[in-house]
Amino acid sequence: MMHNPPHPGGILKEEVLAPLNLSVTEAASRLAMSRVALSRVINGRAAISPDLAVRLEQSGVSTARAWLSMQANHDLWQARQHAQPAVRALQGRAA
């Protein structure tokens with residue numbers, strides 16, 4: 001069973017911004033986004049969007065695909081933690 005993958009915003013904060021001694025304000029400026037929007041991401045209150053993933057790639061921080069994969073893994077794990085409605089197969093006998 002997969003364990004809870006970390007929110008990619010936390011990875012961005014701890015593995016990228018902290019080692020570079022970048023403030024949220026400076027990082028947001030370099031990524032051409034608002035400080036509030038970046039703060040929401042690095043504090044796990046907003047997802048890494050495709051646009052942000054591309055900006056991170058353009059800034060030299062991994063690939064957009066890697067950031068989106070981390071976000072998708074986190075989101076999928078979260079979705080599996082709560083009950084889902086009953087569903088029926090899309091193929092097969094009609095009931």
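All residue numbers in this chain count up from 1 along the given sequence.
- Within the structure, every pair that satisfies the side-chain hydrogen bond (donor to acceptor under 3.5 Å, both in side chains) test and touches residues 54-72, not counting sequence neighbours, is listed here: Gln71-Asp75.
- Residues that satisfy the side chain to side chain donor-acceptor pair (under 3.5 Å) test with Asn43, not counting sequence neighbours, are Ser39.
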Table please: side-chain donor-acceptor pairs of residues 11-21 below 3.5 Å, with sequence neighbours left out.
none

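- Taking every heavy atom of both residues into account, Met33 and Leu38 meet most closely at CE-N, 3.7 Å.
- Note on Val61 and Leu68: separate hydrophobic clusters, where clusters join Ile, Leu, Val, Met, Phe, Trp and Tyr whose side-chain heavy atoms are under 4.5 Å apart, directly or indirectly.
- Annotation: salt bridge (Lys or Arg N to Asp or Glu O under 4.0 Å) contacts involving residues 30-42, sequence neighbours excluded, comprise Glu26-Arg30.
- Here CG of Asn73 is found 12.0 Å from CD of Gln78. Values are rounded to the nearest 0.5 Å.
- A donor-acceptor contact shorter than 3.5 Å is absent between the side chain of Gln84 and the backbone of Arg80.
- Screening residues 7-43 for ring pair (Phe, Tyr, Trp, His ring centres under 6.0 Å) gives His7-His74 as the qualifying pairs, with residues at least two apart or on separate chains.
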